[in-house]
Q: 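Attaching a single structure in structure tokens format; questions to follow.
Sequential numbering from 1 along the given sequence is applied to the chain's residues. Keep in mind the model is a prediction, meaning the values are calculated, not measured. Whatever order the structure lists them in is the order used to number ligands and atoms, beginning at 1. Side chains are part of it too, since the values below use all heavy atoms of this structure and drop only hydrogens, waters and symmetry mates.
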Amino acid sequence: MRSDSVLIPEEEMARQRDLALEVKALPHRPRSYFVVTYGCQMNAHDSEKIAGMLEEMGLLPAPRREEADFVIFNTCCIRENAERKALGNVAWLKEIKRQRPEMMIAVCGCMAQEPGMAERLLKQYRFVDLIFGTSNLYRLPELLLSRLNAGAPLVAVDDADTLPEGVPVRRLRHDAAYLTIMYGCNNFCSYCIVPYVRGRERSRREEDILREAEALAAAGVREIMLLGQNVNSYGLDSAGKPLFPSLLRRLDQVGIERIRFMTSHPKDLSNDLIAAMAESAHVLPQFHLPVQSGSDPILLRMNRHYTRSQYLDRVRKLRAAIPGIGLSTDMIVAFPGETEADFEETLSLVSEVRYDSAFTFVYSPRTGTKAASFPDQIPPEIAKDRITRLIALQEALQRETLSRFLNQEEELLVESVSRRSEEAVSGKGRHGISITLPGGAEDIGKILRCRIVKVKNNTLIGERIP
Ligand code: SF4
């Protein structure tokens, strides 16, 4: 989809900024906020935008949700568990709101956009003040103002595909930043709810992305993570050719030291993208390439548009062009109709590829998706057995694959003090693998060189190199 057709006009964005100032001037507005975030990086970045807009309206972050005047649940609905957890946490605030009736509660994000969810929330969670979907996020100033001036809960979950530019962002980190390049998804994998709640693909204009990247570089950001549901179909040109490789080549020139991206669809991984990665100085040698299953009949039922051998061919090309590249994946077991033979195909693919890491899931039906109505759902005991076997295999192989880093030099951007020791810090290496090494809070935001001395589960342990 061409971006111009869904771009929110500048006048509308200016109107939202004016409305934010109007909220700020209100004597009875909330003074503090707390955003609870579920799900993926897209949601984490949306929460940074929510925080950015709220701060323009004069709100300050609260240390705990129960102390905030305005609590926003930015939800995920990719799995039923995430949804249940979010609803449980919303319900938990009911009693607090009873004691502090001026507290406001909003539910937004993918779950809010799910068909029928707004009605359910209005009926069963009457204490919720505001419900808004992913397409209406940029309208938060208008929505909050209307809610403050009205007596009743407000819902804004229309499914128009929008592309807002210039939403203020309050970034959680100063050294690394998310940068959304596209929204939505056109793929309709048969198990996935995302196209229904995040709309069709729409790509930001290249000049807007470059401008944002340049501003981040000027602000001292050292790493950017390009975000999109399917980044490698970014900006289809009039001939239907993706423009992601050319975007990467241009971003490589803006002065950001490390560039990462996610998520990619194997069917859109072109030779040109591999070449762009191999040529670039700053795009890191790592690739998250969700395979989901190693069995062709299951891939077909999942509507994934690639075969096992096409997937393996792309892995071979990536490894040939970028030796040592870090590969990670997502896999679903017990998809409806998955036989033992299908599952063994997944095991054999895992043995063949030897991923550095894998996110493994038991299939969970999502109402509204095609696969939820497939008749041949897999019994839970079989699903449990398969996921256990898959995890055991991946962990055994991972120990071997990660041992290729032993005695090698790596480089990490320090993210935080280690959770296990105050005298250690951790961050991601160039290949996308977590590294822990001696250090302290003063190292956060620095890029450090190290030699890998040990592999511990899915983490590399390093020694600093001066
Ligand atoms: S590519 Fe498939 S799994 Fe990924 S968001 Fe789109 S529909 Fe969902």
Q: Is there a side chain to side chain donor-acceptor pair (under 3.5 Å) between Asn187 and Asn303 once you walk through the steps?
A: CA-CA 8 Å; Asn187 289 317; Asn303 197 30; over 6 Å; no
Q: Any heavy atom of Arg304 sitting closer than 4.0 Å to ligand 1?
A: yes
Q: Hey, are Glu338 and Arg386 close enough for a salt bridge, meaning a charged N less than 4.0 Å from a carboxylate O?
A: yes
Q: Given the side-chain rings of Phe70 and Phe34, with only the six-membered ring counted for Trp, is the space between their centroids under 6.0 Å?
A: no
Q: Show which atoms of ligand 1 fall inside a sub-4.0 Å distance from at least one heavy-atom site of Tyr191.
A: 3 (S)
Q: Are more than 12 heavy atoms from other residues, nucleotides or ligands located less than 6.0 Å from atom CZ of Phe359?
A: no
Q: So how many protein N, O or S atoms does atom 6 (Fe) of ligand 1 have within less than 2.8 Å?
A: 1
Q: Aromatic rings Tyr38 and Phe73: how do their planes relate, parallel, tilted or perpendicular, breaks at 30° and 60°?
A: parallel
Q: Which residue is it: Glu56, Glu10, Glu12? I am looking for the one with a salt bridge (Lys or Arg N to Asp or Glu O under 4.0 Å) to Arg17.
A: Glu10
Q: Are His288 and Phe261, when compared by the centres of their aromatic rings, separated by less than 6.0 Å?
A: no
